[in-house]
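Just follow the structure's listing: the first ligand is 1, and inside any ligand the first atom is 1.
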Amino acid sequence: MTVNELNAIISSSKKAVFFGGAGVSTESGIPDFRSPDGIYMSKQKYPPETMLSHTFFMEHTEDFWDFYRNMLYCPDVKPNAAHFKLAELEKAGKLTAVVTQNIDGLHSAAGSKNVYELHGSALRNYCMKCGKFYTADEVMSVNGIPECSCGGIIKPDVVLYEEALDDDIVSGALNAISNADTLIVAGTSLTVYPAAGFIRYFGGENLILINRDKTAMDSAFSHIIHGKVGEIMEKIKL
Ligand code: NAD
């Protein structure tokens, strides 16, 4: 598919939905997981999938926080052309929702209003004992395990492996996807479940993939562009 064809489909859409992953934020300087320079390729004490699990958080809380601070927290990042274009499309009445697997908050920072953050947000942290919330700055500035004023342990408000997604976010996201006339999937290897399975709820005509590399699900799409999502979305004119 060409960018002009993508432009034509988006222009004629009234209820497009965008479903994205870590690749949407690589052009903002945040590494993804599975690219050659991704977090999964870095040398760690334990495999990253293990370190990002609920069990690991509970049993090795300090190692979790070290890994999370050093590898997953990217301060001062800014939205890129993809984030800004999606906010513009929503404002123009073309796009109804962004469903993201990312935890970086960049869609909201770019101005998108209806954002479903399936895996939570690194901008929020909460005390596991009293529920008090803390900002990223508050927890990132301490060494070791961040503790609440009540003595409880603070956890990022992100969904770790073995943890369930939030019911309201899931139903909002699935409702938007199943009512969409166009679904644009981008920057995701489509390997993290249940999120990757959400695209099966789309019943419309145009199922579009914009991704740098091939995914295991390429054959499911009606239109594909292999390339950088920021560079491609920047060319969309309304
Ligand atoms: P992934 O790392 O498994 O795959 C990223 C995909 O994006 C790859 O297929 C790659 O080819 C593609 N890609 C990379 N840069 C791109 C670009 N500029 N344009 C188009 N495509 C590009 O990521 P995933 O499928 O999202 O799964 C990883 C999980 O990790 C997610 O659940 C997410 O929660 C989390 N994660 C989030 C962030 C973030 O918040 N920014 C960063 C890393 C990981």
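Close approach of ligand 1 to Asp213 (heavy-atom distance below 4.0 Å) involves ligand atoms 10 (C), 11 (O). Residue Gly227 approaches ligand 1 through these ligand atoms, each under 4.0 Å from one of its heavy atoms: 19 (N), 20 (C). Counting atoms of ligand 1 from 1 in the listed order, those under 4.0 Å from a heavy atom of Glu27 are 17 (C), 18 (N), 19 (N).
By the 3.5 Å distance cut-off applied to N or O atoms, Ala22 is counted among the residues near ligand 1.
Regarding atom 39 (C) of ligand 1, its nearest protein heavy-atom neighbour is Asp104 OD2, 3.4 Å.
The aromatic rings of Trp65 and Tyr68 stand perpendicular to each other, their planes meeting at an angle above 60°, with 30° marking the opposite boundary.
Closest heavy-atom approach to atom 13 (N) of ligand 1 among the candidates Gly23, Pro48, Ser35: Gly23. Residue nearest to atom 22 (C) of ligand 1, selected from Lys228, Lys214, Arg212: Arg212 (by heavy-atom distance). When the options Leu72, Asn211, Thr215, Thr188 are ranked by their closest heavy atom to atom 24 (P) of ligand 1, first place goes to Thr188.
Distance check, rounded to the nearest 0.5 Å: NZ of Lys129 to OG of Ser149 gives 10.0 Å. In this structure, the separation between NE2 on His119 and CD1 on Ile169 is 10.5 Å, given to the nearest 0.5 Å.
The main-chain N or O of Ile236 is found under 3.5 Å from a side-chain atom of Lys85 such that the two form a donor-acceptor pair.
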